[in-house]
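The chain is numbered in sequence order, starting from 1.
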Amino acid sequence: MVRHVRVIVGIVTLMAALCAGLPSAAARADEGWYPGRLLAAAPLGRAWAGLDGVQRIEYITTGPGGKLVPAAALVRIPGGPVPEGGRRVVAWDHGTSGLAQDCGLTGSAQLEQHTGPTVQRLTDAGYAVVAPDYIGLSPNSPGPHPYLQTSTEATATIDAVRAARAAFTQLSSSWAVAGWSQGGHAALGTGRFAPEYAPELDFRGTAALAPVTNLEDIFLRSRPDQPEMPGYVGRSVPLVLAGMTGAQLGPEVGDFLTPQGRQFIAGLSTGCNSQARKMLSSVEIGAMLTRPLNDPEFAPVMRDYMAVPVSGYQDPILIVHGNFDTVVPLPLSLAMVGKFVLHGTQNQARWLNAGHENLESSGGMDLVLAFLAKELPVD
């Protein structure tokens, strides 16, 4: 999919998608579907995470394999006079919530309560917030969610901003992206592809809190004879395998799984975080696999699916990570920064005395807001 996104540089119409050879474009031509098309916009109809004025939009985005699919996002716009040039936009990419259609921002109470304070801080700072649900995490979007697929996290985010601007004319074309955990992974992918995928927008920068990066290097070490290692970060590989199964890309994931593994993956695909955590706490990776994942047919597909690009960025990057993070260990971000340096990708990195869950409240969001104030100042 990274290759696909590069091929469709500047796609803003369905005709461009057709020229790029997207497999489902012809099927959608009569419906007038194109990336970023707004399908619906309406008030949520309730206080969301204690916040008023939250709107929900549905829109079209580029999904796995180039298929055009529906997705959803939440939008909150500050009150008061609209600045000259419009209200500047921050896309907020949320963390892991599960793989099923009720695991998104309006379906998961846990995700809602975790994301609400962040949305409030951003709107209090004067930004309009567009919070995408990614693909497969809302009732209108086909699942299971292609978990940690870099390209579709990016397209869902960029197209949410496009659709929000179609729904709310007071929004500026100037925008930035920020995210935490899986959302940090999504934010980095978005920052890499935004200038190419949506050149009509004025993208300004990326802030990634505890981003999931370089996990493919760990996941690809998984093998049938793997010993059990409690607390091993590679135990989350089934979530990615479930996402890859839904995306239907490359070799069949099921060919690498035992019957027990296939059953386990199917179960993960229907649940949210609480169920996933319980299942992953007792999983035996070695019992799930029939072949090592570093198989030459499989490894390139997984890397293409979830690797974060290390070059080609055109705009500023901020990475913030906690020294005591055990969910996304600090060495993963240290490795990412090292790759950025080797490839000449400019970035700022900040390390805080925090864990994973409390990174935002322990100074992470302060750093994000300072970064945004410089790169995307509010008039």
Look only at the side chain of Ser181 and the backbone of Gly183, and say whether a donor-acceptor pair between them is shorter than 3.5 Å. no
If you look at every heavy atom in Thr157 and Ala91, which pair is closest and at what distance? CG2-CB, 3.7 Å
Would you name the heavy atoms of Leu99 and Tyr147 that are closest together and state the gap between them? CD2-CB, 3.5 Å
Regarding Glu112 and Arg46, does a basic nitrogen lie under 4.0 Å from an acidic carboxylate oxygen? yes
Any side-chain donor near an acceptor of the partner, Gln226 and Glu284, under 3.5 Å: no
Distance from Leu241 atom CG to Phe298 atom CZ, nearest 0.5 Å? 5.0 Å
Are any side-chain N or O atoms of Thr290 and backbone N or O atoms of Thr258, one a donor and one an acceptor, separated by less than 3.5 Å? no
Looking at Ile135 and Pro146, what are the two nearest heavy atoms and their distance? O-CD, 3.5 Å
Leu330 versus Gly322, closest heavy-atom pair with distance: CB-O, 3.9 Å
Parallel under 30°, tilted from 30 to 60°, perpendicular over 60°: which one fits the rings of Trp351 and His321? tilted
Is there a path of hydrophobic side-chain contacts, each under 4.5 Å between heavy atoms of I/L/V/M/F/W/Y residues, joining Leu105 to Leu122? yes
Judged by atom type as modelled, is there a donor-acceptor pair below 3.5 Å linking the side chain of Arg192 to the main-chain atoms of Pro309? no
Note: Arg162-Glu200 ion pair, threshold 4.0 Å (strictly below): yes
Could you tell me whether the side chain of Val233 reaches within less than 4.5 Å of the side chain of Val328, counting heavy atoms only? no
Closest approach of Pro211 and Gly184, non-hydrogen atoms and distance? CB-C, 3.6 Å
What residues, two or more places apart in sequence or in another chain, satisfy side-chain contact (heavy atoms from CB on, under 4.5 Å) together with Arg56? Leu44, Glu58, Ala72, Leu74, Thr106, Ser138, Pro139, Asn140
Ignoring hydrogens and geometry beyond distance, is a side-chain donor-acceptor pair present between Glu360 and Thr118 at under 3.5 Å? yes
Between the main-chain N or O of Gly136 and the side-chain N or O of Ser141, is there a donor-acceptor pair closer than 3.5 Å? yes
Hydrophobic cluster identity match, Leu257 and Val237, side-chain contacts under 4.5 Å: yes
Between CZ on residue Arg87 and CZ on residue Arg165, distance to nearest 0.5 Å: 14.5 Å
Considering all heavy atoms, the nearest Pro296-Pro300 contact: O-CD, 3.2 Å
Are Arg350 and Phe371 in a cation-pi contact, defined as NZ or CZ under 6.0 Å from the six-membered ring centre and within 45° of the axis? no
A side-chain contact here means heavy atoms from C-beta on lying under 4.5 Å apart; do Arg121 and Asp366 qualify? yes
Is there side-chain contact between Pro35 and Thr61, with at least one heavy-atom pair below 4.5 Å? no
Arg76: partners by salt bridge (charged side-chain N to carboxylate O under 4.0 Å, His left out), with sequence neighbours left out: Asp52
Does the pair Leu201 and Val161 meet the rule for a side-chain contact (heavy atoms from CB on, under 4.5 Å), with working shown? CA-CA 9 Å; Leu201 300 179; Val161 174; 4.0 Å; yes
Got a sec, which residues hit salt bridge (charged side-chain N to carboxylate O under 4.0 Å, His left out) with Asp133, two or more places apart in sequence or on another chain? none
Are Ser151 and Tyr305 close enough that a side-chain donor and a side-chain acceptor fall under 3.5 Å? no
Among His185, His356, His94, exactly one meets ring-ring contact (aromatic ring centres under 6.0 Å, His included) together with Trp180. Which residue is that? His356
Asp325/Leu359 under side-chain contact (heavy atoms from CB on, under 4.5 Å): CA gap, chis, key distance, verdict: CA-CA 9 Å; Asp325 195 327; Leu359 180 62; 5.6 Å; no
Report yes if some heavy atom in the side chain of Pro316 is under 4.5 Å from a heavy atom in the side chain of Gln346; otherwise report no. no
Can you tell me how far CZ of Arg277 sits from SG of Cys272, rounded to the nearest 0.5 angstrom? 11.0 Å
Cluster check Leu209, Val337: I/L/V/M/F/W/Y, side chain < 4.5 angstrom: no
For the atom pair CD1 (Ile319) and CD (Gln348), what is the distance rounded to the nearest 0.5 Å? 10.5 Å
Count the heavy atoms belonging to other residues, nucleotides or ligands that lie under 6.0 Å from CD of Glu297, then report whether that count exceeds 12. no
Given side chains that start at C-beta, do those of Asp93 and Tyr134 come closer than 4.5 Å, heavy atoms only? yes
Evaluate Gln182 against His145 for side-chain contact (heavy atoms from CB on, under 4.5 Å), listing each step before the verdict. CA-CA 12 Å; Gln182 179 190 0; His145 166 50; 3.0 Å; yes
Applying side-chain contact (heavy atoms from CB on, under 4.5 Å) to Val308 and Met336, what does each step give before you reach the verdict? CA-CA 9 Å; Val308 172; Met336 193 70 209; 3.6 Å; yes
Please enumerate all residues that pass side-chain contact (heavy atoms from CB on, under 4.5 Å) together with Ala160, with sequence neighbours excluded. Tyr59, Ala73, Val130, Pro132
I'd like to know if Leu68 and Leu137 are part of one continuous hydrophobic network [Ile/Leu/Val/Met/Phe/Trp/Tyr, side-chain heavy atoms within less than 4.5 Å]. no
Decide whether Val320 and Ile317 are clustered together by the hydrophobic rule: side chain heavy atoms of Ile, Leu, Val, Met, Phe, Trp, Tyr closer than 4.5 Å, transitively. no
Are the side chains of Ile60 and Tyr34 in touch, meaning some heavy atoms are under 4.5 Å apart? no
Are Thr62 and Thr152 side-chain neighbours, meaning at least one heavy-atom pair lies under 4.5 Å? no
Kindly check if the number of other-residue, nucleotide or ligand heavy atoms within 6.0 Å of CD (Gln113) is above 12? yes
Please list all pairs meeting side-chain hydrogen bond (donor to acceptor under 3.5 Å, both in side chains) that have one or both residues in residues 207-225, counting only residues at least two apart or in different chains. Asn214-Lys339, Asp217-Arg303, Arg223-Asp225
Which of parallel (below 30°), tilted (30 to 60°) and perpendicular (above 60°) describes Trp175 and Phe203? perpendicular
Side chains of Met288 and Pro238 in contact at under 4.5 Å (non-hydrogen atoms): yes
So CZ of Phe219 and CG of Leu239: to nearest 0.5 Å the spacing works out to 8.0 Å
Pairwise distance CZ(Arg88) to CD(Glu375) - rounded to 0.5 angstrom: 11.0 Å
Mind checking what makes salt bridge (charged side-chain N to carboxylate O under 4.0 Å, His left out) contact with Arg291, not counting sequence neighbours? Asp295
Quick check against the 3.5 Å criterion: does Asn358 have a side-chain atom that pairs as donor or acceptor with the backbone of Gly355? yes
Do Phe340 and Tyr313 make the cut of ring centroids closer than 6.0 angstrom? yes
